[in-house]
Protein chains: 2
Amino acid sequence: MKFEKQPSYSLGQRSPSNKEILPGEGGVNVTLVSQSTLGEINRGRVLQALYDNGPKSRAELARLAGVNRTTITGIVQPMIEEGLLVEGDAVPSDFKGGKPARPIYFNPEAPMLGAVLLLPGRIQTCLVTLSGEISALSKADFDPHGEQDVFLQILKDTLSATLSQAHRAPFGIGIASAGMIDSDNGVILAVNLAPVLAGLPLVDILQEHFALPVVIDHHPRALLVGDRWFGPGRGQQTFAAIYTGEVLGGAFYIDGRVYRGLAGSGGELGHTVVQIDGELCNCGKHGCWETVAALPWLRREAGRLGLANPESVTCARLVKEVAEGSEAADDLLDHYARNVAFGILNLQQTLSLNSYVLHGDIAGGGGVAAERVRSHVERLVRKRPNQEISITVNGIGEGHTALRGAAGLVLSSHLKLVI
Amino acid sequence: MKFEKQPSYSLGQRSPSNKEILPGEGGVNVTLVSQSTLGEINRGRVLQALYDNGPKSRAELARLAGVNRTTITGIVQPMIEEGLLVEGDAVPSDFKGGKPARPIYFNPEAPMLGAVLLLPGRIQTCLVTLSGEISALSKADFDPHGEQDVFLQILKDTLSATLSQAHRAPFGIGIASAGMIDSDNGVILAVNLAPVLAGLPLVDILQEHFALPVVIDHHPRALLVGDRWFGPGRGQQTFAAIYTGEVLGGAFYIDGRVYRGLAGSGGELGHTVVQIDGELCNCGKHGCWETVAALPWLRREAGRLGLANPESVTCARLVKEVAEGSEAADDLLDHYARNVAFGILNLQQTLSLNSYVLHGDIAGGGGVAAERVRSHVERLVRKRPNQEISITVNGIGEGHTALRGAAGLVLSSHLKLVI
DNA sequence: TAAGTTTGTGCGAAGTACAAACATACTGCC
DNA sequence: GGCAGTATGTTTGTACTTCGCACAAACTTA
């Protein structure tokens, strides 16, 4: 039997800029799963089950995962010996009797994680334990328009102050940064409000300085991981995190994994267009979501409507004023919520995630704001039978969510834990 | 050591409509990968490598997958014995010498796949071989507003006519349908232009009638799979398919898998909003992408601009008239391309897929239309260094792509092939 | 003819998950 | 107190899969 080299009915014309699929080199990558990666995956999943469900005995974990008890023992035992996990006190069995279960959880004495939150002009660093506790918090300011060397020195000093308080070398350092980040290569590409950070290959620099694994990702993605770890996204397989503030961004958790997109550039929702030829955005386009659903819009609109102190308006303030009976605030809040809803609507129509966690300014409005957004989304979206859309806020401990998320980034790469 | 049942720092307030995470039942699902599923996955990947790369020898496959040659032999041998694959004639080695390679590919004698394309008022069925050849094509019309029983009888007859020409029982039947589809449950939820289809549990009905596995998905997703299989998406790990016509839809292939979203409702791009409070859409909202980038808009706009025969305008016609020097056509084409570009822009900002295959009307405009769209996207998107965005059309054999895609849907479920 | 190269196939080793059986530790009942 | 019942965690042997090594087969080049 004779084969043609390529089946002849390969259709499709390509527009000029399309790259050929690895020409000559003779093939597209496939990757088979080897025996050892299988173990690695399963180890990661057991750890994730512990994160999602809290302390659990071997037998419970086995039931949860639908596998044999011995399998769990095999996975968990080496981790206990390594000091990563510990066995807790026996929990007496219920009325049915039986041998008491020994719950297992993360060892408080296990190495911690270093976390960095990088916002324009401001650095926060801390240590995070495997069970999510934050310690050795340290803060510093820097000049967003200054010299890179000066910034780096401040960062290193701040981070050193934090890391020196760990009694063992941490697993690694996770960085959450504002702006446009290339998470594959560990480079900050650009930060609108802090030009000093542009082009900084931060991962390489810190990796060398501290001799620890370092990962970086953009701020919304850290919020997402923080939500997944100890926030409203806990245990969820699919949801999105949305951040509104001076800028607007998002991140997705899809089918049990953080979605990054090519070079980690997915989730730049602020510059999706919801109003063709609308207001000018500072990205140069017109009608970006950010132009109608972020703080600058809210301030401008508050001024237009004649609210007091428009330059200091926030969603939290609006909610308070609505409670006090202000009709103008009510209108503005509703308009704001509606504008936020349009972006979420688009996301819902595109990815159908059904669950959204709000952060930043809008989250400051708490459940009231979330409910307003939810009702607008509900009204706009083409719903299917039995479909429910959940809008949650995670406004408490905003910075802490980002820091925990930054730490979580390390886990997902270092421990091969898909968090 | 004593553990709390739940860590106390579980943050986040929930808005009322948020469902609890499996309350009571005590835990979130985890699934560990078992030994046998590993084998299944790898078998699927080898098959996919054959689809993507055409006939390949065992040694080549091993190199492609980065695994041992013996592993490939172990995977491939049973499939040859089963008659799914065949060994081709030996290909003489190149100048370096060596034993001639025996390429392996799909057996033309292997069972085929049944494919159904369901558009408002029109049924197409055919058989597709594992190597993508189409045969036993059969067509029928039905009344979009008629009785369900009548429609079902027509469908069964048409499909029977096709299936009876197969010399062996096919692997299964794949259906690509217009409208809103619940692919998890195999139900057509609603089709705007064909109410007769609404609520039809087509998978169950055909599965019982033909005693074969049946899968269904919506039209754009079938186009996507068709692209992935033998179109411009071949071998790509990440791309999107966009369909424009009377309606507008899309589908995504992300990291080597078809993205479906919850209940298969992802990709309903037509009703993402690009113009808040814009023109009324037949979904009841205002300013959906569909209102500015589908055929109804094009016809309306052509009429407004005074083009001849505005009711029969298509992208293909516009391209032709532009080539003939019509300035009005040029302007309209550009406006159309720009409107299409906005939706792609939003997708790019959201998911960063970098590669888009156009179908339907806009694809009728060929490379010229694709290039117009590409240049608009290029101008609008916030590009990163080294990022290239590819816009391709797959206009040739439109229906064939959908039919191949429908067949491909079967593979992905029946052969556990992640296509 | 000899050396070199590549393909495809046995065979044993290593790693992983699973099933059955067993020791352990508790409850409940007599 | 003794015994049955129940659940947990471990031991042991089995099955499956991939990998490395060795080797025969088939071809090219010198």
Side-chain angles (χ1 to χ4, degrees), chain A residues 3 26-27 30-47 49 55-81 85-105 416, chain B residues 3 26 30-46 49 55-81 85-105 416:
Chain A
F3 295 130
V30 226
T31 33
L32 299 196
V33 184
S34 86
Q35 204 72 356
S36 50
T37 51
L38 187 154
E40 207 164 78
I41 290 169
N42 282 350
R43 276 189 292 276
R45 298 214 175 161
V46 168
L47 288 178
K56 285 272 174 279
S57 71
R58 296 169 179 81
E60 276 177 300
L61 284 172
R63 275 193 298 268
L64 232 61
V67 298
N68 201 285
R69 291 200 304 272
T70 55
T71 305
I72 298 294
T73 300
I75 290 174
V76 149
Q77 218 54 272
M79 292 178 171
I80 292 179
E81 276 155 32
L85 302 177
V86 278
E87 238 178 353
D89 293 334
V91 171
S93 58
D94 57 3
F95 71 99
K96 281 164 142 182
K99 180 175 171 177
R102 307 290 306 267
I104 291 174
Y105 204 55
K416 305 290 175 200
Chain B
F3 295 131
V30 224
T31 34
L32 299 197
V33 183
S34 85
Q35 207 74 355
S36 50
T37 51
L38 187 154
E40 207 164 77
I41 291 169
N42 283 350
R43 276 189 293 276
R45 300 219 172 157
V46 168
K56 285 270 174 282
S57 71
R58 296 171 179 80
E60 275 177 300
L61 283 172
R63 276 194 299 268
L64 233 63
V67 299
N68 201 286
R69 291 202 303 273
T70 55
T71 304
I72 299 293
T73 300
I75 289 174
V76 149
Q77 218 54 273
M79 292 179 171
I80 293 179
E81 277 156 30
L85 303 176
V86 277
E87 237 178 353
D89 293 335
V91 170
S93 58
D94 58 3
F95 71 99
K96 283 164 142 180
K99 178 175 173 177
R102 307 288 306 266
I104 291 175
Y105 204 54
K416 305 290 175 199

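Values below: every heavy atom of this structure, side chains too, minus hydrogens, waters and symmetry copies. Numbers restart at 1 for each chain; the letters A, B, ... are given by sequence-line order, proteins then strands.
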Open item on the list: What's Arg69(B) touching, base or sugar-phosphate or nothing? Going by heavy atoms closer than 4.0 Å.
Closed with: base
TODO: Just call it for Thr70(B): base, sugar-phosphate, or nothing, with non-hydrogen atoms closer than 4.0 Å on any strand.
DONE: base
Open item on the list: For Ala101(B) and Leu38(A), find the nucleotide of DNA chain C closest to each by heavy atoms; which residue's nucleotide sits nearer the 5' end?
Closed with: Ala101(B)
Among the candidates [options], find the nucleotide nearest to the side-chain atoms of [X].
X	options	answer
Thr71(B)	dT18(D), dT8(D), dG8(C)	dT18(D)
Asn42(B)	dT17(D), dT18(D), dA17(C)	dT18(D)
Lys99(B)	dT9(C), dA25(C), dT7(C)	dT7(C)
Pro100(B)	dT7(C), dA26(D), dT17(D)	dA26(D)

TODO: Output yes when at least one side-chain N/O atom of Thr73(A) is less than 4.0 Å from OP1 or OP2 of dG9(D), else no.
DONE: no
Sub-4.5 Å side-chain heavy-atom contact between [X] and [Y]:
X	Y	value
Val86(A)	Ile80(A)	no
Arg58(A)	Gln77(A)	yes
Ile75(A)	Asn42(A)	yes
Arg63(B)	Arg69(B)	no

